[in-house]
Each structure stands twice: as C-alpha cells, then as structure tokens.
Amino acid sequence: MGLHIGVIGGGFAGTVHLEEMVTHADVDRISVADSDRARLELIARDYPTQRAEPDYRALLDDPTIDVVDVCLPHDLHHPVALEAFAAGKHVILDKPIANTLAEADEMIAAADAAGCRFYVALNQRFLPCHQRTKDLLDDGFIGRPSLAMLTIAGDERARMGIPGHWKGTWERAGGGALADSGTHLVDLALHWFGPPTALQCHLARHVIAAPDKADDTAVLILQYPHLTVSLAVDYASGGQPWSESRSLWSESGAIHVRLEASDPMEVWDAGELIPQHVEHDPEWWPWSVRRGLAHAVAAIAADRPFVVTPSDARAALRIIRAAYESADHGRRILMSDADETSA
C-alpha cells in the first residue's frame, strides 16, 4: 500500500508539491491543510484529496497519514515539524530548515528521537546541469577552479513591498533575499566546494521601502585556500524575467550554467567548447522541485537514504547566519569562530 501524504500549506510552493504528490507511484492518498478556506476549497476541487482541513493539526491527529509535507513560511518550519515528529510523522520540509541553528538542532534531534525521516527540499541539487557540474568538479575535468560566481536576479518586489507580509521579514523569514533564495546558492557552493574557511557579506535594501523588510540585495564572498566564491542575490530586478547563472573558472577550463536557457551548460577545456547536452526544462523551478520530491517520497517508501540530509540543510543555514553576522558588524568571519549553536 502506498503512502498517505498530508500537505500543510497550499500556497505557491504547496501547489507545486501537490502536482508531484498526485502523480507519484508511491503515494496512495493525499490530504491538505490550509488556513485560507477559499484556497482550501479550490485545492479540494482541483486535486484528489482524502481530506481538506483548515487546521493542520487535524492531519497530525490522523493515524493513517504517514508523511507531512510542510510548505509554510519559514518561522513555522520549526514548531510544525516538532509537532509532526511528536505525532510520529515523517516530515518533508521546504527550505530553509529553520531560522536559527538552535531550531535546526532541535528539529534534527526530535526526528532522531521519534525514529522519523526528515527531508529538507533543497531542490537545486536535482537539476541535471548542477549534477553534471558536481561530476566534472569531482573528476577534475577543468582542474582546480580559482573563481566561481553564482547569481540570482529576480523580482520579489510585490511580496517584499507589502508591510506585514512574511516574505523578507527579519522575524518570520529570518532575513531577506539572502536567507530565502540565497539558501540555494549557499547549498550549491557547499555541495560543490565544501565548507569555506571564511566569509564576508554585504547586504542592502536599495528598492524595498516597507520598514519591516530585510535585504533586497546581497553579496556574499566565501573564501577557500585556493578559491574565491561570490554569491549574489537581488530581489529587485524587474527589468527581465527571473535569471540564474553559475560560472566557474580555472587555469585550464570553465563551466557556465544559465538556468533559463533551453541548453543550460557550456564547458570549456583548453580553449575548446565541450558539448554537454544535459536534460533540462526552461521551467526549471517547478521541474527541480518535483524531481527532489520524487526522490524524497521514493526514499521514504523504500526506506532508502536521502541524497540531501538535514545536516546539509543545517550547514547551509550556518553559513547564512554567519553571513548576516558579517554584514551586521562589517567584518570578515572566520568559520572556525562562527557560532555553532545560537546564530
């Protein structure tokens, strides 16, 4: 018998999660919880749901539900996940893992104590172009890179511009552009290059005027013994469609990725362009989310390991919190000195 999945939160991310759950071979039933009753009615109409509840606790109390998929604002990740583990549910959680390292540690410990699986959806790991990049780096195809630049330029002015909306707030989102989409860039950098020795961050709010919002622009430099990695995120780029790129350079070659392109990769070796032809969908965001969820659900159903662990998600959060500390104090942070517990 397949899994009964309870999706908590039917907003922008939640509907993409639902699209994967309704087609997954290991999912037998789906239930949904959302406090917005009008949205809940639409979901119940458009998706084959077992239950549609305005209070997520009704799903936690349902003994037939095996897994809850939490698609809520960042500040709710910690309390809802803890309740789910206490109810004996496996948890799939949209990124980031939490807003603080103390919260993340409590969540990981609660999952272990309950014997429950815990998966944080860092979906960009599942893009074939990013997987190929990892393989090329591990194989030493372009030699040792000396510079990498990972960039996101997108338009979040609508939600960031609403005072009181959780998006980009310090209290609910844990920060602005860096804490949100920047999590993906940090995770990729750690996945490709490992932990940095030091970092320095500059944050700004150039466009967003709502007083309760954090950074709309962030530049984070990760320092390695033989490599410099620049991560840039901008949430006020309204002049073109959302754009994401990654470039890596070495003495002998280069790797370039542009996610909005139909053919997203260029790889250069000794001045020669080496075709890659990786599988890709220009509508890469929902595609990558679904690929990651497909892996997570299959791993839970078959009791197999996840390729992305809660410790990976915690490591990304540690860099994010250290980056905000760097920006607050205007100084370089040695990762050996970064706070491991309370950031």
Side-chain angles (χ1 to χ4, degrees), residues 1-34 40 43-53 56-72 77 80-95 97 107-108 110-128 130-131 187 191 279-281 283-313:
M1 189 172 181
L3 298 170
H4 185 179
I5 307 283
V7 177
I8 300 176
F12 186 55
T15 54
V16 176
H17 285 227
L18 279 165
E19 291 289 341
E20 177 56 34
M21 298 306 180
V22 298
T23 61
H24 199 290
D26 291 315
V27 176
D28 183 57
R29 289 169 291 170
I30 298 170
S31 293
V32 182
D34 194 289
L40 190 63
I43 291 171
R45 183 196 69 188
D46 294 339
Y47 296 93
T49 55
Q50 179 86 6
R51 302 180 63 176
E53 300 286 350
Y56 71 88
R57 294 175 183 85
L59 303 190
L60 301 185
D61 291 339
D62 185 339
T64 72
I65 291 179
D66 306 290
V67 184
V68 292
D69 181 3
V70 181
C71 303
L72 296 172
H77 290 187
V80 174
L82 291 184
E83 290 181 65
F85 293 135
K89 311 298 185 189
H90 305 301
V91 172
I92 294 172
L93 178 69
D94 203 33
K95 65 82 194 159
I97 185 172
M107 295 158 75
I108 293 169
D112 290 343
C116 295
R117 305 295 301 278
F118 184 23
Y119 175 82
V120 181
L122 292 163
N123 54 286
Q124 293 216 14
R125 295 258 196 125
F126 294 89
L127 286 167
H130 289 160
Q131 293 169 333
D187 178 62
H191 183 48
E279 182 185 8
H280 192 63
D281 187 332
E283 295 295 325
W284 60 266
W285 180 75
W287 186 58
S288 66
V289 171
R290 293 189 61 173
R291 287 172 64 91
L293 291 172
H295 160 75
V297 172
I300 292 171
D303 196 24
R304 295 196 303 261
F306 299 130
V307 300
V308 185
T309 69
S311 294
D312 293 328

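In what follows, residues are counted from 1 in the order of the sequence shown. A quick note: this is a predicted structure, and the numbers were derived from the prediction, not measured.
The two residues Ala84 and Val91 come nearest to each other via the heavy atoms CB-CG2, 3.6 Å. Annotation for Ala52 and Ala44: closest pair CB-CB, 4.0 Å, computed over non-hydrogen atoms. Listed here is the closest heavy atom pair of Gly14 and Val7: O-CG1, 4.4 Å. Nearest heavy-atom pair across Ile300 and His90 is CG2-CD2, 3.9 Å. Of all heavy-atom pairs spanning Thr15 and Gly10, the tightest one is CG2-O, 3.5 Å. The minimum heavy-atom distance between His295 and Tyr119, with the atom names listed, is CD2-CE1, 4.2 Å.
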Practice task
Decide yes or no on side chain to side chain contact (heavy atoms under 4.5 Å, CB included) for Thr64 and Arg29, but give the supporting numbers first.
Solution key: CA-CA 10 Å; Thr64 72; Arg29 289 169 291 170; 4.0 Å; yes
Handout entry: Ile92/Val297 under side chain to side chain contact (heavy atoms under 4.5 Å, CB included): CA gap, chis, key distance, verdict
Key = CA-CA 9 Å; Ile92 294 172; Val297 172; 4.0 Å; yes
Problem - side chain to side chain contact (heavy atoms under 4.5 Å, CB included) between Met107 and Leu93, worked out - result: CA-CA 11 Å; Met107 295 158 75; Leu93 178 69; 3.6 Å; yes
Handout entry: Test log, rule side chain to side chain contact (heavy atoms under 4.5 Å, CB included), inputs Val32 and Tyr47
Key = CA-CA 10 Å; Val32 182; Tyr47 296 93; over 6 Å; no
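Between Ile5 and His24, the closest side-chain pair of non-hydrogen atoms is not below 4.5 Å. Proximity of Ile108 to Ile97: side-chain heavy atoms (C-beta onward) are separated by under 4.5 Å at one or more points. The shortest side-chain heavy-atom distance between Val22 and Pro48 falls under the 4.5 Å cut-off.
Aromatic ring pairs are classed by plane angle as parallel below 30°, tilted from 30° to 60° and perpendicular above 60°; the pair Trp285 and Phe12 is parallel.
Applying the salt bridge (charged side-chain N to carboxylate O under 4.0 Å, His left out) definition to pairs two or more places apart or across chains, those involving residues 290-301 are Glu20-Arg290, Glu279-Arg291.
Residues satisfying the salt bridge (charged side-chain N to carboxylate O under 4.0 Å, His left out) test with Asp66, not counting sequence neighbours, are none. In terms of the ring-ring contact (aromatic ring centres under 6.0 Å, His included) criterion, residue partners of Phe118 (sequence neighbours excluded) are, by chain and number, Phe85. For His17, the side chain to side chain donor-acceptor pair (under 3.5 Å) partners two or more places apart in sequence, or in a different chain, are Asp69. Under the side chain to side chain donor-acceptor pair (under 3.5 Å) criterion, Ser31 pairs with His4, sequence neighbours left out. Under the side chain to side chain donor-acceptor pair (under 3.5 Å) criterion, Tyr56 pairs with Glu83, sequence neighbours left out. Considering only residues two or more places apart in sequence or on other chains, His191 meets the side chain to side chain donor-acceptor pair (under 3.5 Å) condition with Arg125. Residues meeting the salt bridge (charged side-chain N to carboxylate O under 4.0 Å, His left out) test with Asp94, sequence neighbours left out: none.
Remark: Met21 CE to Asp26 CG distance equals 11.0 Å, nearest 0.5 Å. We find the CD-CG distance between Glu53 and Asp34 to be 12.0 Å, quoted to the nearest 0.5 Å. Between the CZ atom of Arg51 and the CG atom of Leu40 there is a distance of 11.5 Å, given to the nearest 0.5 Å.
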Side-chain donor-acceptor contacts of residues 301-309 below 3.5 Å, not counting sequence neighbours, with atom names and distances?
unit_1, atom_1, unit_2, atom_2, d
Thr309, OG1, Ser311, N, 3.3
Thr309, OG1, Asp312, N, 3.1
Thr309, OG1, Asp312, OD2, 3.2

